[in-house]
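Keep in mind that this is a model prediction, so the values were computed, not measured.
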Amino acid sequence: MLTFVAGLSIAVASLSLEDAAAAPLPRIVPGAPLSADTPWALAPADGPRSHLESLFGEGYDPTLVAPLRDGNLVYDGESLALSLLDQQGLPLPALDHEPTAGILYLAMDGITLRPKCNGFHPQTANAALNCSPLVGKETVFPKPPGGENTKAVVMQKLQNYYEPFNLVITTNRPPDYLPYTMAVIGGTSQNAGQGNGVCGIANVACDGAKRNHVSLSFPDSCVGVTAEVAAQETAHNWGLEHTDVQQDLMYPFVAGGSSFRDDCMDISHATGSGVTQCTYVHELYCPDGQGEQQNSHGELLGVFGARAADTVAPEILSVSPADGTTFTVGESFLVTADVTDDNNMLGVKWSWLEGLPPDFVDTGYSRCTNDVCNDKYAAWRPIDDPWDFIQLTKPPAGRTPSRSR
């Protein structure tokens, strides 16, 4: 659903909506002019844009910290890895957001990944932009064998594994402004520069931080266990590490695990460096384990909450200024909107359609809930907060908008 306001548009999406195109664009500093040519157009200074920014108290570029590789797991600067927080002298809190519904996109039609994202945006894992530090160069992952039948089987098994949790699983790519996790399923371990015997690799984000990570599963290397492998690799994206219980899907070897077990299980160091990264989260669910035990089921509930149907579409309640409003040259105003939804997983995207500043004529200017726009909103912000787009301070004379709908 779109509402155009004096050459602007706002789109909202819950767990599914129409595709929206966007691309990473120049850096926007909150509260500062968009560019030297537009001192009258300011990015709203409405708080940190990410959890890392709230921890640091200022903007933070996660590429300053090289990805930490630990066996078949990768912790990048957005992962809130223990080593990153220790390096910066920060406390080790679990994240403070409520359980939030999530989306898992199964990329099983062939896909090309890059090691870094384009443009300013510094994150090194972004499902919507097909970039991840899991690959060292631009890499093509082919379709898995079996065609539509394989897709259907893997989809059904993953739905069974994740049935208790508020997670939507789809083979259709979501809108890019709606944060989602991508499971790339196809090819062999050699496609990702891994040795024989590796069934998958993943980014790890403790407590499910910034759900825009990527995992890789290799059905041509580990035949017949694609869904089991994909379940483990995607769970790594949401903060789970390996356990030493064979029946748990987080056991580091293929052993017939069938569920995310609701028990406190010792962390397994059969692979990797022997250092647990997400101890400060694990301890919340298994206090007696002092960070070295994991309740796989409990932690996923903490990330997503229990399964619940989402049957109500998000709604734009109001847009300000109202469509057709006119101002004098000396006036200032904030472009903003109020949105409502019964689910706390929401995607929002503003786009400036007409009268763009010179610096953005070729690229466009937008703000959204994912790292695919010029500017973004803080992670896990309350839905009922106003969705500010831009502050116009005595802008120059323009013209009456040519369209509105």
Side-chain angles (χ1 to χ4, degrees), residues 1-14 17-49 119-120 175-178 313-341 346-378 381-405:
M1 57 191 74
L2 297 175
T3 301
F4 293 94
V5 185
L8 304 167
S9 76
I10 180 172
V12 294
S14 189
L17 252 192
E18 69 280 359
D19 288 342
L25 294 166
R27 180 175 186 176
I28 301 299
V29 178
L34 299 187
S35 68
D37 291 330
T38 57
W40 44 268
L42 309 179
D46 55 357
R49 300 293 200 255
F120 158 71
D176 61 356
Y177 60 90
L178 185 63
E315 180 182 358
I316 300 172
L317 298 176
S318 64
V319 178
S320 179
D323 196 6
T325 302
T326 59
F327 299 88
T328 65
V329 171
E331 291 183 270
S332 300
F333 56 92
L334 175 68
V335 178
T336 187
D338 290 312
V339 177
T340 186
D341 192 22
L346 186 73
V348 171
K349 180 182 179 182
W350 275 102
S351 296
W352 189 333
L353 300 179
E354 299 179 19
L356 283 162
D359 286 358
F360 297 94
V361 169
D362 294 332
T363 60
Y365 177 74
S366 59
R367 186 182 187 191
C368 60
T369 44
N370 203 4
D371 291 330
V372 296
C373 294
N374 307 84
D375 196 10
K376 66 179 179 179
Y377 293 98
R381 69 188 303 281
I383 289 172
D384 55 2
D385 283 358
W387 293 84
D388 298 344
F389 176 47
I390 197 167
Q391 176 74 49
L392 300 179
T393 304
K394 299 181 180 181
R399 61 182 180 83
T400 301
S402 58
R403 64 177 178 175
S404 174
R405 69 181 181 200

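Within the model, atoms OH of Tyr177 and CH2 of Trp350 stand 13.0 Å from one another, a figure rounded to the nearest 0.5 Å. Annotation: the span from Ile390 atom CD1 to Asn374 atom CG amounts to 9.5 Å, rounded to 0.5 Å. Considering CG of Asp176 and OG1 of Thr369, their distance stands at 9.5 Å, rounded to 0.5 Å. Here Leu317 contributes atom CG and Thr340 contributes atom OG1; the two are 5.5 Å apart, rounded to the nearest 0.5 Å.
When the salt bridge (charged side-chain N to carboxylate O under 4.0 Å, His left out) test is applied to Asp46, the partners found at least two apart in sequence or on another chain are Arg49, Arg367. For the side chain to side chain contact (heavy atoms under 4.5 Å, CB included) test, residues two or more places apart in sequence or in another chain that qualify with Pro48 are Glu53, Ser54. Listed by chain and residue number, Arg381, Pro382 satisfy the side chain to side chain contact (heavy atoms under 4.5 Å, CB included) test with Asp385 (two or more places apart in sequence, or in another chain). With sequence neighbours left out, the side-chain hydrogen bond (donor to acceptor under 3.5 Å, both in side chains) criterion links Ser318 to Asp338.
Across all non-hydrogen atoms, the minimal contact from Pro33 to Pro39 is CB-CA, 3.8 Å. In this structure, Thr336 and Pro386 approach most closely via the heavy-atom pair OG1-CB, 3.7 Å. Nearest heavy-atom pair, Leu34 versus Phe360, reported as atom, atom and distance to 0.1 Å: CB-CE1, 3.9 Å. Of all the heavy atoms in Pro396 and Trp40, the pair that sits closest is CD-CE2, 3.3 Å. Closest of all the heavy-atom pairs between Ala43 and Asp375 is CB-OD2, 4.0 Å. What you find for Leu178 and Gly347 is that their closest heavy atoms are CD1-N, 3.3 Å.
Side-chain atoms of Val329 and Pro395, non-hydrogen and from C-beta on, never get closer than 4.5 Å to each other. Contact check for Asp388 versus Leu334: side-chain heavy atoms found under the 4.5 Å cut-off. The closest side-chain heavy-atom distance from Asp359 to Thr38 is not below 4.5 Å. Between Val335 and Trp352, every side-chain heavy-atom pair lies at or beyond the 4.5 Å cut-off.
Relative orientation of the Phe333 and Phe327 rings is parallel, given thresholds of 30° and 60° on the angle between their planes. Ring orientation note: the planes of Trp387 and Tyr377 are nearly perpendicular, at an angle over 60° on the 30°/60° scale.
The salt bridge (Lys or Arg N to Asp or Glu O under 4.0 Å) pairs that include a residue from residues 327-336 number zero, where partners must be two or more places apart or lie in different chains.
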